[in-house]
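Side chains included, hydrogens not; waters and symmetry mates left out as well; all remaining heavy atoms used.
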Amino acid sequence: MQIGLVGLGKMGGNMRERLRNAGHTVVGYDTNPERADVDSLVELVDQLERPRAVWVMVPAGGATQHVIDQLATLLKPGDTVIDGGNSRWTDDEKHAEELGKRGINFVDAGVSGGVWGLKNGYALMVGGDKETVDDLKPVFDALKPDGPYGYVHAGRVGAGHFAKMVHNGIEYAMMQAYAEGWELLEKVDSVDNVREVFRSWQEGTVIRSWLLDLAVNALDEDHHLEKLRGYAEDSGEGRWTVEAAIDNAVPLPAITASLFARFASRQEDSPQMKMVAALRNQFGGHAVESAKK
């Protein structure tokens, strides 16, 4: 299958490679010409056979809107735009309406996998009408992990990004729990090898997970996380999750507290945020800040 891919950063570049490894033809465009296969969106669209499918993998908000506005003028009825970035689900509904007026299909895809997706595959949460989603199934099958899991058609337009938003909210709370436990272990005198305690939890415990594995990786690289400043950004999806909880009167105390803990990290050098920062770097390649000397 042919597909255009706009945005060839940490995830988009690896997605292009994984799709090509599965035998698909990918035409990639990025504002960084060193990454791009073509020089413009016009050239990208021209190289694809109709009906075209173009996957947008750029930051949420203005950047995504700009690309979709351009594609709206370049694509034809029957073509499809897939937004695989971390857009807010309410933006999906707007984009689907804007493109639908021109006869262009729209699908939203929540994508999880970070810098490890090339090797392990990407978990995909997809929203859109069944016919359009089914037409894209070869692409989703190539990107998802091997085996029966890792892909879901979550519902209508917006459902994919809503599901990914909730996923990220849960991720916030899980990272916060590991971070709090790590700080408490580091604090007491009786435990003299916190890293090996974390490693011991990797087998046979109910809290074992990929995040725990990544925590051990981070501690192997920096035994007490002394090289990191206790500061962690939030991508926006944690805020949206809390806002959606308020709108729907659903109590989310753990996720809300984990979001607020990140806000607290910007006020002081929080030990817990050293672990959260390390985990975000491990699974997503997110930037970290060096500890002040």
### Task
With side chain to side chain contact (heavy atoms under 4.5 Å, CB included) as the test, would you mind laying out the steps for K76 and R52 before giving the verdict?
CA-CA 8 Å; K76 301 296 182 184; R52 308 176 185 94; 3.8 Å; yes

### Task
Taking atom CG of D247 as the centre, report whether more than 12 heavy atoms of other residues, nucleotides or ligands fall under 6.0 Å from it.
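Atom CG in D247 is crowded, with more than 12 foreign heavy atoms closer than 6.0 Å.
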
#### Entry: Over 12 non-hydrogen atoms of neighbours within 6.0 angstrom of NE2 in H66
no

Could you tell me whether a side-chain N or O of [X] sits under 3.5 Å from a main-chain N or O of [Y], the two making a donor and an acceptor?
X: Q2; Y: E49; answer: yes
X: N105; Y: T80; answer: no
X: H153; Y: G155; answer: yes
X: R208; Y: W201; answer: no
X: S112; Y: A123; answer: no
X: T256; Y: P253; answer: no
X: T64; Y: P59; answer: yes
X: D30; Y: R35; answer: no

Are [X] and [Y] grouped together when hydrophobic residues (ILVMFWY) are joined by side-chain heavy atoms under 4.5 angstrom apart?
X: Y122; Y: V133; result: yes
X: L279; Y: Y231; result: no
X: I170; Y: V276; result: yes
X: V27; Y: L41; result: yes
X: W55; Y: V107; result: yes

### Task
Please state whether the rings of W210 and F283 are parallel, tilted or perpendicular, taking 30° and 60° as the class boundaries.
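Rings of W210 and F283: tilted, 30 to 60°.
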
### Query
Using the ring of each side chain (for Trp, its six-membered ring), is F198 parallel, tilted or perpendicular to Y178, with breaks at 30° and 60°?
tilted

Check: [Y] and [X] side chains under 4.5 Å, non-hydrogen atoms:
X: P138; Y: H24; answer: yes
X: V126; Y: D108; answer: no
X: E233; Y: R262; answer: no
X: F263; Y: R239; answer: yes
X: R199; Y: Q202; answer: yes
X: F106; Y: E98; answer: no
X: V54; Y: L48; answer: yes
X: L19; Y: L143; answer: yes

Between [X] and [Y], is any side-chain donor less than 3.5 angstrom from a side-chain acceptor?
X: T241; Y: Y172; result: no
X: D69; Y: Q65; result: yes
X: D83; Y: S87; result: yes
X: N168; Y: K164; result: yes

### Task
Start with the C-alpha distance between M1 and L136, add both sets of side-chain angles, then the distance that settles side chain to side chain contact (heavy atoms under 4.5 Å, CB included), and finish with yes or no.
CA-CA 9 Å; M1 182 171 176; L136 296 166; 3.8 Å; yes

### Task
Test H161 against M165 for side chain to side chain contact (heavy atoms under 4.5 Å, CB included), laying out the working first.
CA-CA 6 Å; H161 280 146; M165 177 195 72; over 6 Å; no

### Summary
With R88 as partner, the option from D91, D92, T90 fulfilling side chain to side chain donor-acceptor pair (under 3.5 Å) is T90

### Sidechain N-carboxylate O distance under 4.0 Å for E186, K274
no

### Message
With a 4.0 Å cut-off on N to O distance, would you call R102 and D79 a salt bridge?
### Response
no

## Note on the structure
Exactly one candidate in L185, D222, L219 meets side chain to side chain contact (heavy atoms under 4.5 Å, CB included) with R195; the answer is L219

### Query
Name the one of V206, L212, T205 that satisfies side chain to side chain contact (heavy atoms under 4.5 Å, CB included) with S209?
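That would be L212; it is the only one of V206, L212, T205 passing the side chain to side chain contact (heavy atoms under 4.5 Å, CB included) with S209.
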
### Worked check of side chain to side chain contact (heavy atoms under 4.5 Å, CB included) between E237 and H167
CA-CA 9 Å; E237 291 190 298; H167 164 281; over 6 Å; no

